[in-house]
Amino acid sequence: MNTALIDSNNFYAACEQSLDPKLVGQPLVVLSNNDGCVIARSAEARKLGIRMGKPYFQIHHELTKLGVKIRSSNYALYGDMSRRLMSLLAEHCENLNVYSIDEAFTESRHYSSQELQTWAYQLRATVCRNLGLTISIGVGANKTQAKLANQIAKAEPIHAGIFDLTTTNESDLWLESIPIEDVWGIGRKLAHWCRLKGIKTARQLRDMPSNELHAKCGVKGIRLQRELNGHPSPTFSKTEKQETRISRSFKEPITNLEELKKAISNYVVRASEKLRQQKQKAGKVTVYTSTSLFISNPYNKSATASLALPSNHTGELLSIALQLTEKIFHPHYPLKKAGVLMQELHNENNIQQNLFMHIPLHKQHQKENLMQSIDQLNNRFGAGTIQWAACGSQRSWTLRHNHISRAATTRLKEIPIVKA
DNA sequence: TCTGGGGTCCTAGGACCC
DNA sequence: TCTGGGGTCCTAGGACCC
């Protein structure tokens, strides 16, 4: 059994383009929260040499000069497009394993080259017709190889978005063409280390002495090397989430405790909603805050508390998080970022009762019903319809997004209008 | 003036135990 | 003179991913 990786090219930029035809064929970049830095580029913007991760304030004049279109990130839109993409793929793929917002692995039988081409070609056409997105498909003996094949599929127009490493006789040549930085699992630090040792390509990494790789990167390095050699990946398994986090940078730094509490409260409300959606409860809560990373004496601090009984009840989690917030606050530092982490997640139907804290069943149901009602009202009438007092009404710490597109697929009022 | 957010997994090292 | 050794559990932090 081979593995295929299917992903959507320039996903965030493509979502914006599929919604606004004026953007098609244009250089376009999508910015992170707070319009901080570039996190996606259309093919045209890539060609202009605009780099990923560049802070917007550093390049905004250049972008204007080049006529590059700008969008703030619109996660409601991308999340919705992703759900549509994945459910469409699931209809056409065996054992689809969603890996990220725009990627999924799937099992691929040993098709003949011709059969694979036909299947892949049809799938690309369907996705393009239904969603306006372009996908690439890479096939390999395992996930690592499928990732590499996918890159080759994208890089060489001749492959038309489809490449199978398992049927080519020139796999060594192809591996030689992949720079070490582009290997899945090799980040900046490891790439630098490899370069110093003269390892410049995926093929050289595959053929380097295992003991050196093991000494540097432990079992992860060895697994990676095995996969480059064609050994199968560990089997697909659906695992529950280990942690859930909400964190944001503030538009303006925070210097007083009340403001920090409001921000943390808002994150706790959102994190609790996520837990309930995931049908999970948290056994541990961490809150943290920090100044900007780019100042000379940065400050960062976190505090953690364990719960007697795991919970996804907003009120309970709020009271713990607010106590923790007092511990991490420091009046002498301009705080630029804060977050909450829900840890030790348990399936909500599988909670060990605490012997010393028995809560009568009817009380527990009452609390659950209250949360359910709030979630339903907020779903139906929009986020924030029912608000927690701790969150405050004025939000000096909210986000900046000056270039956001409409919630065209998730909000009825903003649905696109097509003129005949 | 302005530098994202949400995840996973692994390792090293400390605490504690016998 | 001479200061064990190995196992387990936990946590913080690093590295990576999209």
Side-chain angles (χ1 to χ4, degrees), chain A residues 5-13 29-41 51-61 63 71-75 78-79 82 98-105 143-144 147 150-151 180-194 214-224 234 237-253 267 270-271 274-275 278 280 283-284 286 288 290-295 298 300-304 306 334 336-345 398-402 404:
Chain A
L5 173 69
I6 306 174
D7 77 349
S8 170
N9 300 358
N10 314 321
F11 183 62
Y12 293 173
V29 301
V30 178
L31 303 177
S32 64
N33 271 337
N34 273 321
D35 293 345
C37 39
V38 173
I39 53 167
R41 306 154 297 165
R51 295 236 311 280
M52 199 72 162
K54 264 278 175 199
Y56 177 54
F57 75 90
Q58 286 177 2
I59 55 170
H60 110 261
H61 288 302
L63 295 183
R71 287 288 179 274
S72 305
S73 40
N74 182 344
Y75 294 106
Y78 313 144
S82 174
V98 176
Y99 172 68
S100 75
I101 195 161
D102 67 339
E103 288 171 276
F105 290 101
K143 290 185 178 182
T144 302
K147 275 278 205 183
N150 182 289
Q151 282 182 42
I180 189 73
E181 290 77 12
D182 293 352
V183 177
W184 191 39
I186 300 293
R188 235 190 23 221
K189 296 258 161 107
L190 289 178
H192 181 67
W193 176 81
C194 287
H214 184 256
K216 180 68 184 172
C217 21
V219 296
K220 284 191 159 180
I222 297 302
R223 278 181 210 157
L224 174 56
S237 67
K238 280 218 162 154
T239 48
E240 307 230 311
K241 253 196 219 314
Q242 313 284 309
E243 63 177 46
T244 281
R245 175 194 316 235
I246 303 291
S247 78
R248 297 276 185 281
S249 301
F250 311 129
K251 193 166 57 178
E252 307 289 344
Y267 305 161
R270 181 71 198 106
K274 276 181 97 173
L275 288 177
Q278 292 159 199
Q280 288 181 309
K284 217 163 83 171
T286 296
Y288 58 93
S290 63
T291 53
S292 163
L293 292 171
F294 303 94
I295 65 176
N300 59 76
K301 195 151 176 74
S302 70
T304 303
S306 291
K336 195 66 180 57
K337 182 173 179 167
V340 304
L341 253 160
M342 300 291 168
Q343 295 156 302
E344 286 180 6
L345 304 188
T398 43
L399 293 174
R400 167 169 44 215
H401 38 56
N402 294 332
I404 191 139

From CG of A/Asn150 across to C1' of C/dC18 the rounded distance in Å is 13 Å
How is A/Phe11 classified with respect to the nucleic acid when contacts are heavy atoms under 4.0 Å: base, sugar-phosphate, or nothing? nothing
Phosphate OP1/OP2 of C/dC18: any A/Lys147 side-chain N/O under 4.0 Å:
yes
Geometric class of the A/Tyr75/A/Tyr12 ring pair [parallel <30°, tilted 30-60°, perpendicular >60°] = perpendicular
From CD of A/Gln343 across to C1' of B/dG6 the rounded distance in Å is 13 Å
Between CG of A/Asn10 and C1' of C/dC18 the distance, given in whole Å, is 14 Å
Note: for A/Lys337 and A/Val219 on DNA chain B, the residue whose nearest nucleotide lies more 5' is A/Lys337
Rounded to whole Å, the OH-C1' distance (A/Tyr75 to B/dG6) equals 10 Å
Separation of C/dC17 atom P from A/Arg223 atom CZ, nearest Å, is 15 Å
B/dT3 base stacked by A/Phe294? Criteria: ring centres under 5.5 Å, plane angle under 30°. yes
**Asked** Looking for any heavy atom pair under 4.0 Å, which part of the strands does A/Lys216 touch: base, sugar-phosphate only, or nothing?
**Response** nothing
Of B/dG5, C/dT11, C/dC18, the nucleotide closest to the side chain of A/Lys284 is C/dT11
For the P atoms, the ones on B/dT3 and on C/dC18, what distance do you get once it is rounded to whole angstrom? 24 Å
| task | Indicate, with a heavy-atom threshold strictly under 4.0 Å, whether A/Glu243 touches base, sugar-phosphate, or nothing. | result | base
Review point. Would you say a side-chain N or O of A/Arg248 is under 4.0 Å from OP1 or OP2 of B/dG6?
Key: yes
Which of C/dA15, B/dG6, B/dC9 is nearest the side chain of A/Lys274? It is B/dG6
Item to complete: Check whether any side-chain N or O of A/Arg245 sits under 4.0 Å from OP1 or OP2 of B/dT8, and answer yes or no.
Response: no
For the pair A/Ser73 (side chain) and A/Leu31 (backbone), establish whether a donor and an acceptor sit closer than 3.5 Å, ignoring hydrogens and angles. yes
Within the structure shown, what part of the strands sits under 4.0 Å from A/Asp102 by heavy-atom distance: base, sugar-phosphate, or nothing?
sugar-phosphate
Hey, what's the ring geometry for A/Phe105 with A/Tyr99, parallel, tilted or perpendicular (30° and 60° as the breaks)? perpendicular
Testing B/dG4, B/dC10, B/dT3 for proximity to the side chain of A/Lys336, the answer is B/dT3
| query | Are the side chain of A/Glu252 and the backbone of A/Phe250 linked by a donor-acceptor contact shorter than 3.5 Å? | reply | no
Base-pair string, DNA chain C, Watson-Crick plus G-U, cut-off 3.5 Å on both distances, | for inter-strand, is ....||||||||||||||
Rounded to whole Å, OH of A/Tyr288 lies from C1' of B/dG7 at a distance of 11 Å
### Task
Determine: side-chain N/O of A/Ser73 to OP1/OP2 of B/dG5, distance under 4.0 Å, yes or no.
no
| query | Just checking A/Val183: base, sugar-phosphate only, or nothing, at a heavy-atom cut-off of under 4.0 Å? | reply | sugar-phosphate
**Prompt:** Counting only N and O atoms by type, is there a donor-acceptor contact under 3.5 Å from the side chain of A/Asn150 to the main-chain atoms of A/Leu5?
**Reply:** yes
Whether A/Ser32 side chain and A/Cys37 backbone form a donor-acceptor pair below 3.5 Å: yes
Any side-chain N or O of A/Lys189 less than 4.0 Å from the OP1 or OP2 oxygen of C/dA15?
-> yes
Rounded to whole Å, NZ of A/Lys220 lies from P of B/dC10 at a distance of 6 Å
Is A/Ser247 close enough to B/dG4 that one of its side-chain N or O atoms is under 4.0 Å from OP1 or OP2 there?
no
Q: For A/Asp35 and A/Asn402, indicate whether the former's side chain and the latter's backbone hold a donor-acceptor pair under 3.5 Å.
A: yes
To the nearest angstrom, the NE2-C1' distance between A/His214 and B/dC10 comes to 11 Å
Under a 4.0 Å N-O cut-off, is there an ion pair linking A/Glu243 with A/Lys241?
no
Checklist entry - Counting any heavy atom closer than 4.0 Å, what does A/Arg270 reach on the DNA or RNA strands: base, sugar-phosphate only, or nothing? => result nothing
Of all heavy-atom pairs linking A/Ser249 and A/Asn34, the shortest is O-ND2, 3.1 Å
Worksheet item: So what does A/Thr244 touch, heavy atoms closer than 4.0 Å: a base, only the sugar-phosphate, or nothing?
Response: sugar-phosphate
Judged by nearest nucleotide, the residue sitting upstream toward the 5' end of DNA chain B, A/Leu293 or A/Lys241, is A/Leu293
Exercise. Describe the nucleic acid contact of A/Leu31 in one word from base, sugar-phosphate, nothing, applying a heavy-atom distance below 4.0 Å.
Key: nothing
